[in-house]
Undergrad: 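Please see the structure below; I have some questions.
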Amino acid sequence: MPEGPSIVILKEAVQKFKGKKVLESSGNTKAPLPELQSKTVIDFKSWGKHFLICFKGFAIRIHFLLFGTYRIDERKPAPPRLSLRFANGELNFYTSSIQLITEDLDTVYDWTADTMNENWNPAGARKKLKANPDMLACDALMDQSIFAGVGNIIKNEVLFRIKVHPESRVGALPAKQLNALIREAVIYCFEFYEWKKAYVLKKHWLVYNQKTCPRDMIPFRRKNLGRGQRKTFYCESCQQLYK
DNA sequence: CCGGTTGTTCAGCG
DNA sequence: GCGCTGAACAACCG
């Protein structure tokens, strides 16, 4: 479920509940949520992989982590973490991390760091990358404070596109590659979004979960790389290592 | 049954 | 008090 584009798709899918009153809420979340019954959803927002349900004076933050799912007007057999019933349907979340946010969202979230937000600021990302020259390219793309919304699939595809080895140091990247990294991270998010909506995402993967490099037809390397030791595919031949 | 996974958080340590 | 690391957590699929 989790990369940023999927959250934007969710946000669009729940628009019919915007401005609607919660008739009943339930779920096994341990988050200390206020009473939701009879409260009105003011807006749905997203920041990277965070999905935000906004009420007057507070918001509920939903993070799907690795295994989270949701259903709209449907239910899974498993008990929901949070379920909201409206007059025109219901919204169910499973296995997600749920938090209450009482602070102003504009102070909690840096909207300019969200790759799919209208306020995305590439110059800000560039500045953060410049400030962390020792960071590996694979870690930089996964860093939510720099590229909120980018996940492991997008990471792999972006690095392949720009022909950069995942273990390259950010500070060693020539300006051209550094700018390409920032640019393609955003472009790929929007392509991911379009492909996912059309149910054709997987067939567009060039490197993630793939066996052979389509550029020079040699086997991809597959290693667990970076701080999180995440699954990383790359071509030793066409993705250059900058050290 | 086991291995694998579109992710984050936090305890424990130096 | 900090940064880093590894464990913990979660549900479903093949």
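In what follows, chains are A, B, ... by sequence order, proteins preceding strands, each numbered from 1.
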Undergrad: Output the rounded distance in Å from CZ (A:F67) to C1' (C:dA10).
TA: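 One finds 5 Å between C1' of C:dA10 and CZ of A:F67, rounded.
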Undergrad: For C:dC12, does either OP1 or OP2 sit under 4.0 Å from a side-chain N or O belonging to A:K76?
TA: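 It does, given that an N or O in the side chain of A:K76 lies less than 4.0 Å from OP1 or OP2 of C:dC12.
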Undergrad: Between A:N156 (CG) and B:dG7 (P), how many Å, whole number?
TA: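 It works out to 10 Å between those atoms.
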Undergrad: Rounding to an integer number of Å, can you tell me how far A:I153 CD1 sits from B:dG4 C1'?
TA: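 Interatomic distance, CD1 of A:I153 to C1' of B:dG4: 14 Å.
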Undergrad: Please examine the side chains of A:R126 and A:N179, heavy atoms only from C-beta on, and report whether any two atoms are closer than 4.5 Å.
TA: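 Touching, per the 4.5 Å side-chain cut-off.
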Undergrad: Judged by modelled atom types alone, do A:S145 and A:K128 share a side-chain donor-acceptor pair under 3.5 Å?
TA: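 Their side chains do not contain a donor-acceptor pair, so the 3.5 Å distance test is not met.
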Undergrad: Calculate the interatomic distance between A:N224 atom CG and C:dA7 atom P; express it in whole Å.
TA: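 Interatomic distance, CG of A:N224 to P of C:dA7: 14 Å.
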Undergrad: Whole Å only: how far is the CE atom of A:M135 from the C1' atom of C:dG3?
TA: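 The distance from CE of A:M135 to C1' of C:dG3 comes to 13 Å, rounded to the nearest Å.
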Undergrad: Please tell me if the side chains of A:L129 and A:L181 come closer than 4.5 Å, counting only heavy atoms from C-beta onward.
TA: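 Answer yes - side chains close enough.
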Undergrad: Over how many whole Å does the gap from A:N152 atom CG to B:dT8 atom P extend?
TA: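 The distance from CG of A:N152 to P of B:dT8 comes to 10 Å, rounded to the nearest Å.
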Undergrad: Do A:N119 and A:T112 have side-chain atoms, one donor and one acceptor, less than 3.5 Å apart?
TA: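 Per modelled atom types, A:N119 and A:T112 side chains form no pair under 3.5 Å.
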Undergrad: Closest to the A:A78 side chain: C:dA10, B:dG7, C:dC12?
TA: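 Per side-chain heavy atoms of A:A78, the pick is C:dC12.
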Undergrad: Grab the CZ-P distance between A:R81 and C:dC12 for me, whole Å please.
TA: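 It works out to 11 Å between those atoms.
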Undergrad: In which stems does DNA chain B show up, taking only runs of three or more Watson-Crick or G-U wobble pairs whose two distances fall under 3.5 Å?
TA: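 So the stems come out as B:2-5 with C:11-14, B:7-14 with C:2-9.
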Undergrad: Any side-chain heavy-atom pair from A:C138 and A:K155 closer than 4.5 angstrom?
TA: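 Counting from C-beta outward, A:C138 and A:K155 do come under 4.5 Å.
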Undergrad: Considering only side-chain heavy atoms of A:Q144, which listed nucleotide, B:dG7, B:dT5, B:dT8, is closest?
TA: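 Per side-chain heavy atoms of A:Q144, the pick is B:dT8.
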Undergrad: In sequence, state the C-alpha distance, the side-chain angles, and the governing distance for A:D114 and A:K45, and then conclude on salt bridge (Lys or Arg N to Asp or Glu O under 4.0 Å).
TA: CA-CA 12 Å; A:D114 179 359; A:K45 296 186 179 183; over 6 Å; no
Undergrad: Is the phosphate of B:dG4 approached by A:K231 (side-chain N or O, under 4.0 Å from OP1 or OP2)?
TA: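 For A:K231, the contact criterion (side-chain N or O under 4.0 Å from OP1 or OP2 of B:dG4) is not met.
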Undergrad: Is any side-chain nitrogen or oxygen of A:R222 closer than 4.0 Å to OP1 or OP2 of B:dG4?
TA: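 So the side chain of A:R222 is outside the cut-off, no N or O lying under 4.0 Å from OP1 or OP2 of B:dG4.
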Undergrad: A side-chain contact here means heavy atoms from C-beta on lying under 4.5 Å apart; do A:N132 and A:V170 qualify?
TA: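 Heavy-atom side-chain distance check fails, nothing below 4.5 Å.
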Undergrad: Would you tell me if any nitrogen or oxygen in the side chain of A:R227 comes within less than 4.0 Å of OP1 or OP2 on C:dT5?
TA: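 It does not, given that no N or O in the side chain of A:R227 lies less than 4.0 Å from OP1 or OP2 of C:dT5.
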Undergrad: Please report, rounded to the nearest Å, how far the P atom of B:dT8 is from the CZ atom of A:R61.
TA: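 Rounding to the nearest Å, CZ of A:R61 and P of B:dT8 are 9 Å apart.
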Undergrad: For nucleotides B:dA11 and C:dA10, find the distance between their P atoms and express it as a whole number of Å.
TA: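 These two P atoms come out 16 Å apart once rounded.
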